[in-house]
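Worth saying up front: this structure is predicted, and the values here are computed from it rather than measured. Letters go in sequence order (proteins before strands), and every chain restarts at 1.
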There are 2 protein chains.
Amino acid sequence: MFVTGHTRSGSSADLPQGQQKAASIRDVAQAAGVSYQTVSRVINGHPNVREETRKRVQEAITVLGFRRNATAFALASGVNRSITVLTSNTLLHGYAATLQGLEEASRAAGHTLGVRVLTFEDDLDRTIASAADTGGGLVVIGFDRLGAAALDRVPAHVPCAAVVEAPPPGSSPGLPAVWADDREAARAATAHLLALGHDTVHYVAIPASTGSRRSVGPRAEGRRQALESAGVAVPEPSGKGWDAQAGYEAGKKLARNPEATAILCGNDDLALGVLRALHHAGRRVPEDVSVIGFDDAPHSAYVTPSLTTVRMDFQGLGRAAFGLLRTRLDPDQQAPAVLPAAPALILRESAGPRRT
Amino acid sequence: MFVTGHTRSGSSADLPQGQQKAASIRDVAQAAGVSYQTVSRVINGHPNVREETRKRVQEAITVLGFRRNATAFALASGVNRSITVLTSNTLLHGYAATLQGLEEASRAAGHTLGVRVLTFEDDLDRTIASAADTGGGLVVIGFDRLGAAALDRVPAHVPCAAVVEAPPPGSSPGLPAVWADDREAARAATAHLLALGHDTVHYVAIPASTGSRRSVGPRAEGRRQALESAGVAVPEPSGKGWDAQAGYEAGKKLARNPEATAILCGNDDLALGVLRALHHAGRRVPEDVSVIGFDDAPHSAYVTPSLTTVRMDFQGLGRAAFGLLRTRLDPDQQAPAVLPAAPALILRESAGPRRT
DNA sequence: GCGAGGATTGTGAGCGGTCACAACGCGGGC
DNA sequence: GCCCGCGTTGTGACCGCTCACAATCCTCGC
């Protein structure tokens with residue numbers, strides 16, 4: 001790989017200037033010849049203000065370019081329309097799309113959205129506390145180990161909603177949470193491959209969100225259940241990572257196994273890597289091997305072969321999580337609470353019937 | 001395309017509870033038998049507090065679970081460590097990666113990061129004003145029309161930095177801004193294709209960030225310059241969108257043109273669509289047609305053929321933008337201001353020598 | 001033994017808004 | 001003609017914290 005670049009990066013200068021303090025409610029009051037309280041009434045649309053007074057105040061407001069100080073408002077009124085999302089990742093499709101749904105919903109509701117990335121270096125409790133200090137609510141994306149850990153440590157008194165993987169049947173997270181039934185989706189995807197005539201379905205896993213040995217995550221779980229109820233062998237899952245590189249590594253091994261004719265992947269990036277490894281090994285997809293991904297990332301429809309995958313409504317998940325948080329934040333706010341769409345298997349080119 | 005899904009989405013209940021107001025500085029003071037000011041001194045690490053007093057206060061703090069109210073702090077002290085990013089998109093690679101760099105840098109500096117998506121429906125001025133009301137600084141991602149428009153309307157008194165496309169030589173944005181030299185990068189990519197023996201280089205464009213007819217964006221510009229200085233024909237750019245779908249449409253047309261043996265794309269998504277269209281038309285890449293993308297999205301290395309592309313240091317751009325804003329926010333803060341890496345042409349499989 | 005000066009602590013005011021309540025002017029019903 | 005009640009406006013206190021300054025305590029040097 002050769003790298004070239006007759007290029008540069010640049011930046012323009014910044015311009016200093018004589019800042020002058022923003023006008024306050026009292027400045028406006030003085031300019032309009034009324035008390036500050038009257039100004040407050042005007043900016044809050046209080047009914048009992050004489051029309052003429054209101055006009056005078058309005059005028060002063062525009063002349064002075066007054067804007068109500070959001071910080072002071074929050075302090076005095078106690079209402080805080082800001083929420084912050086805690087997530088370990090912002091780039092992977094599932095996370096980014098969830099974030100987008102969250103942003104959309106909070107914007108629609110007039111809330112402000114903050115993002116704080118979780119890392120292993122930072123102290124989790126400290127991070128959570130400082131996020132909670134902003135005063136608004138919290139949304140935790142618990143798709144992975146770090147997010148799930150954060151979830152466990154959110155103090156009970158801070159308003160928080162979570163978006164998580166499907167919890168084990170029967171159990172439910174200790175917090176308000178939303179999830180999609182990816183367990184069932186994995187089951188359906190696996191059943192689909194079985195129905196296509198494959199002997200069994202191999203699995204390239206995304207990392208588990210829990211540290212416990214017991215749970216390997218709903219996707220792995222769903223695939224296992226489907227295989228077991230079909231009475232076929234359950235090959236050990238492989239994979240150690242989220243990205244295409246990890247998929248490639250796992251794919252290389254699977255490519256050497258002539259028995260492996262059907263592979264389910266924990267996400268589309270992994271699937272992409274698997275596809276590539278298979279290609280390098282000379283195994284054709286879907287003629288020799290079928291591959292199914294997960295998440296339906298935007299590019300999955302455009303790779304060749306296009307990727308059969310499970311579409312997940314991450315944006316809907318984000319919106320739903322916001323809805324949950326909102327009802328927690330102000331309980332009289334009875335939002336319609338639109339549920340996210342159910343996962344759906346999208347049939348494309350990468351999975352096909354077994355050819356002996 | 002068939003869609004299936006024996007699945008559901010669920011959500012757990014939320015738990016009510018007897019909130020009790022958080023402890024204030026005065027509560028702590030009372031508990032420790034000191035004045036509130038002494039508590040303030042302790043939490044701010046002021047030196048002149050007797051050791052024993054400090055200990056007593058600290059104890060009261062942990063007992064009461066005191067956390068300094070961030071809103072009140074911001075109001076009283078006037079320091080506001082929060083910045084908000086204005087962007088029209090959060091999912092496209094360039095945006096998402098820039099956002100990530102921004103988050104990383106602001107987190108490292110102890111700032112809070114907000115994200116506000118710009119839409120055509122919302123009133124731009126109102127959006128900007130409300131973002132500015134949060135008190136901190138603004139960062140505008142001006143890669144597209146909407147972002148660039150927002151940039152123009154940011155009032156001079158609000159601290160703001162921007163990340164933009166490379167401005168025309170000589171000119172520079174009216175605000176502190178960072179950019180990468182994608183004009184030069186496009187020139188280099190084009191020159192590379194020419195050097196491979198192609199007669200000329202077609203271009204599938206991303207939408208321009210400016211409304212004016214004159215400017216079509218630095219990437220288009222750089223490719224045009226390279227072609228002109230080589231004295232070859234300059235085919236009209238195509239493309240009307242950012243995504244693979246748009247690339248596919250443009251690619252379909254180009255595939256019908258046997259003269260088109262080299263295609264530069266405004267981003268990797270477009271390139272992916274072009275690749276797919278070419279594939280459908282039976283034109284092989286790189287044997288029949290060479291394709292080069294832009295941005296080096298994470299999956300570009302793993303599609304087949306892997307995509308030759310221009311790597312852009314978006315995260316570095318984000319970090320640099322934050323640095324700019326930071327110096328604007330508190331001028332004594334002389335950050336090292338690490339410049340982003342220059343764009344680099346990454347040679348992979350999708351571009352090769354002209355055959356025949 | 002006493003005053004100077006630094007360390008330590010407390011008080012008042014204010015950041016920019018909100019809330020609760022009091023005060024004012026006015027017209028209508030008796 | 002007086003009182004009531006409403007619409008309108010102003011005042012005081014406060015949200016939780018910081019700043020500036022004043023008050024107190026202590027210790028040291030002469």
Query raised in the report: Are any non-hydrogen side-chain atoms of R107(A) and E104(A) less than 4.5 angstrom apart?
Result: yes
Report summary line: Contacts of A60(A) meeting side-chain contact (heavy atoms from CB on, under 4.5 Å) (sequence neighbours excluded), chain-then-number -> V28(A), A31(A), A32(A)
Report summary line: So CG of L102(B) and OH of Y95(B): to nearest 0.5 Å the spacing works out to 14.0 Å
Query raised in the report: With sequence neighbours excluded, what pairs up with D133(A) under the salt bridge (Lys or Arg N to Asp or Glu O under 4.0 Å) test?
Result: R67(B)
Requested in this report: Could you check how far CG of N69(A) sits from P of dC15(D), rounded to whole Å?
Outcome: 18 Å
**Report entry** Residues from residues 44-57 of chain B lying under 4.0 Å of DNA chain C - heavy atoms
**Finding:** N48(B), V49(B), R50(B), T53(B)
**Report entry** Residues forming a salt bridge (Lys or Arg N to Asp or Glu O under 4.0 Å) with R50(B), sequence neighbours excluded
**Finding:** E52(B)
Query raised in the report: Hey, what bend do you get for the helix from dG1(C)-dC30(D) to dC30(C)-dG1(D) if you fit axes on five pairs at each end, rounded to 10°?
Result: 60°
Pairs: protein N or O with nucleotides 21-26 of chain C N or O, under 3.5 Å:
none

Report task. May I ask you to list the residues of residues 24-34 of chain B, by number, that have any heavy atom positioned under 4.0 Å from an atom of DNA chain C? Result -> V34(B)
Query raised in the report: Hey, mind stepping through R328(A) and V158(A) against side chain to side chain contact (heavy atoms under 4.5 Å, CB included) and telling me if it holds?
Result: CA-CA 10 Å; R328(A) 174 89 141 76; V158(A) 6; over 6 Å; no
Listing, residues 117-125 of chain B side-chain donor-acceptor contacts under 3.5 Å, not counting sequence neighbours, or none:
| from | atom 1 | to | atom 2 | distance (Å) |
| --- | --- | --- | --- | --- |
| T119(B) | OG1 | E121(B) | N | 3.3 |
| T119(B) | OG1 | E121(B) | OE1 | 3.4 |
| T119(B) | OG1 | D122(B) | N | 3.2 |
| T119(B) | OG1 | D122(B) | OD2 | 3.1 |
| D123(B) | OD2 | R126(B) | N | 3.0 |
| D125(B) | OD1 | R153(B) | NE | 3.0 |
| D125(B) | OD2 | R153(B) | NE | 3.4 |
| D125(B) | OD2 | R153(B) | NH2 | 3.1 |

Report task. Give a yes/no answer on whether the side chain of K21(A) brings an N or O atom under 4.0 Å of OP1 or OP2 in dC15(C). Result -> no
Query raised in the report: Is there a side-chain contact between N89(B) and L146(B), using heavy atoms and a 4.5 Å cut-off?
Result: no
Query raised in the report: At under 4.0 Å, does any side-chain N or O of S40(A) touch on OP1 or OP2 of dT18(C)?
Result: yes
Report task. Would you jot down, in residue-number order, the residues of residues 71-78 of chain B having a non-hydrogen atom under 4.0 Å from DNA chain C? Result -> L75(B), A76(B)
**Report entry** Positive for side-chain contact (heavy atoms from CB on, under 4.5 Å) with L138(B), one of L151(B), I83(B), I128(B)
**Finding:** I128(B)
Report summary line: For R41(B), the salt bridge (Lys or Arg N to Asp or Glu O under 4.0 Å) test, sequence neighbours excluded, returns none
Query raised in the report: Looking at residues at least two apart in the chain, or sitting in another chain, which of them share a salt bridge (Lys or Arg N to Asp or Glu O under 4.0 Å) with E165(B)?
Result: none
Requested in this report: Determine the minimum heavy-atom distance between T71(A) and L75(B), stating which atoms define it.
Outcome: CG2-N, 3.7 Å
Report task. Tell me, please, which residues at least two apart from A109(A) pass side-chain contact (heavy atoms from CB on, under 4.5 Å). Result -> H111(A), F322(A), R326(A)
Report task. Whole angstrom is fine here: how far is it from CD1 in I61(A) over to P in dG17(C)? Result -> 10 Å
Query raised in the report: Near Q30(A) CD, under 6.0 Å, is it more than 12 heavy atoms from other residues, nucleotides or ligands?
Result: no
Requested in this report: For L113(A) and S106(A), work out which heavy atoms get closest and say how close.
Outcome: CB-OG, 3.7 Å
